[in-house]
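Worksheet for the structure shown next.
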Amino acid sequence: AEAMGAEGYALTDTVEDADMVLLNTCHIREKASEKLYSDLGRLKPLKQGKPDLKIGVAGCVAQAEGAEILRRMPLVDIVVGPQAYHRLPAMARAGGQVVDTEFPPEDKFDHLPQRKTYRGPTAFLTVQEGCDKFCTFCVVPYTRGAEVSRLPARLLDEARALIEAMPITEEQSLDPAFTAAFTAVRKEAGDELSPGKSKATVTETPPAAPVVTTIASTENVDNTVKAP
């Protein structure tokens, strides 16, 4: 939804009013694929009555199933994997059926538009994606790709932007459960860990604590840390 905001789309609470329906999927769920196809089946009457409606499938099931979704459900227009969300607007403009389940070399966070709407005094801040462990029972490395951590400087910039953009005056907070995820940040570090600076000047492996401390000390951030 955020990616399509720049294209003039806005969220609606009623599917009948939508010009585009995006199903965001998770392959970790039990019977994830079956539930997706069931949901798509319920959209058939809507698509038949509204041929211009665009239907997209995003997320891990889209990554795993790929073009098979189009084969089984021809009503679907777009299939996009979790690492290609920033390409969604172009896919919507392209027309016809489009599949993008690649792991592009560019950082999607550099291309996604800045968030402008919020549903409350909290916000999700992604610090790491993917996994390199390849556990026998887990599909994450195959659907989300290799483990990639975002640079501390960019995390701090995004955290500050989130705080400044929230249209509320009471105490704001980042979801405390996500502070534990900062342990994944381990690339460039340096002076960007100091408040007011955002550029990496030293290449080293940073501890998570300075990043978390910097965000927690930012004005209007609730720095109470709770266990996930």
Side-chain angles (χ1 to χ4, degrees), residues 1-12 15 18-29 31-44 46-48 50-117 124-134 138-151 154-155 158 181 184:
E2 293 169 357
M4 296 305 298
E7 301 293 309
Y9 285 83
L11 290 174
T12 177
V15 67
D19 298 298
M20 173 183 287
V21 176
L22 290 175
L23 301 180
N24 195 20
T25 62
C26 175
H27 213 302
I28 299 298
R29 297 177 61 200
K31 299 181 180 179
S33 298
E34 290 86 342
K35 290 178 180 177
L36 167 65
Y37 290 118
S38 177
D39 288 341
L40 289 172
R42 285 193 283 269
L43 291 175
K44 277 185 178 181
L46 185 63
K47 181 78 169 185
Q48 291 170 349
K50 196 174 182 180
D52 292 334
L53 174 70
K54 288 185 179 294
I55 297 178
V57 178
C60 297
V61 177
Q63 184 71 37
E65 296 283 309
E68 176 67 9
I69 295 175
L70 302 184
R71 188 190 71 80
R72 291 184 57 177
M73 287 290 180
L75 75 160
V76 174
D77 302 288
I78 298 170
V79 177
V80 58
Q83 301 305 326
Y85 287 156
H86 60 294
R87 296 179 177 179
L88 183 56
M91 296 172 70
R93 291 192 300 267
Q97 292 181 313
V98 188
V99 178
D100 190 342
T101 53
E102 297 181 3
F103 293 99
E106 69 268 21
D107 185 349
K108 68 181 178 183
F109 293 102
D110 289 342
H111 300 275
L112 289 172
Q114 183 175 334
R115 283 174 276 183
K116 297 180 180 179
T117 58
F124 291 100
L125 177 60
T126 301
V127 300
Q128 179 264 338
E129 289 193 314
C131 184
D132 294 334
K133 300 299 186 272
F134 288 93
C138 187
V139 299
V140 169
Y142 303 98
T143 58
R144 301 304 295 264
E147 183 177 306
V148 177
S149 298
R150 299 179 65 194
L151 296 178
R154 295 181 183 178
L155 291 173
E158 185 174 342

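What you see below is based on every heavy atom in this structure, not just the backbone, and it leaves out hydrogens, waters and symmetry mates. Everything numeric in this text was worked out from a predicted model, so none of it was measured. We count residues from 1, following the sequence as given.
- A 4.5 Å side-chain heavy-atom check between H27 and S33 finds at least one atom pair inside the cut-off.
- For the pair L43 and L53, the minimum side-chain heavy-atom distance is 4.5 Å or more.
- Considering all non-hydrogen atoms of both residues, F134 and Y142 come closest at CD2-OH, 3.5 Å.
- At a threshold of 4.5 Å between non-hydrogen side-chain atoms, the residues E102 and Q83 do not count as touching.
- Here the closest heavy-atom approach between residue D77 and residue K54 is recorded as OD2-CA, 3.2 Å.
- In this structure, E65 CD and L70 CG are separated by 11.0 Å, a value rounded to the nearest 0.5 Å.
- Proximity of K44 to K47: side-chain heavy atoms (C-beta onward) are nowhere separated by under 4.5 Å.
- Panel note: side chain E147, backbone Q128; no donor-acceptor pair is recorded below 3.5 Å.
- C60 is listed as a side-chain neighbour of R144, based on a closest heavy-atom distance under 4.5 Å.
- Interatomic distance, OG1 of T12 versus CG of D19, reported as 9.0 Å (0.5 Å rounding).
- Just one residue in the list I78, L36, V99 forms a side-chain contact (heavy atoms from CB on, under 4.5 Å) with I69, and that residue is L36.
- For the side-chain contact (heavy atoms from CB on, under 4.5 Å) criterion with L22, the lone passing option out of V57, L88, V80, I55 is L88.
- At least one side-chain heavy atom of Y85 sits under 4.5 Å from a side-chain heavy atom of N24.
- Under the 4.5 Å side-chain criterion, counting only non-hydrogen atoms from C-beta, Q63 is in contact with T101.
- When every heavy atom of P141 is checked against every heavy atom of C131, the shortest pair comes out as CB-O, 3.5 Å.
- Shown here for M73 and L40, the closest heavy-atom pair between the two residues is CG-CD1, 3.8 Å.
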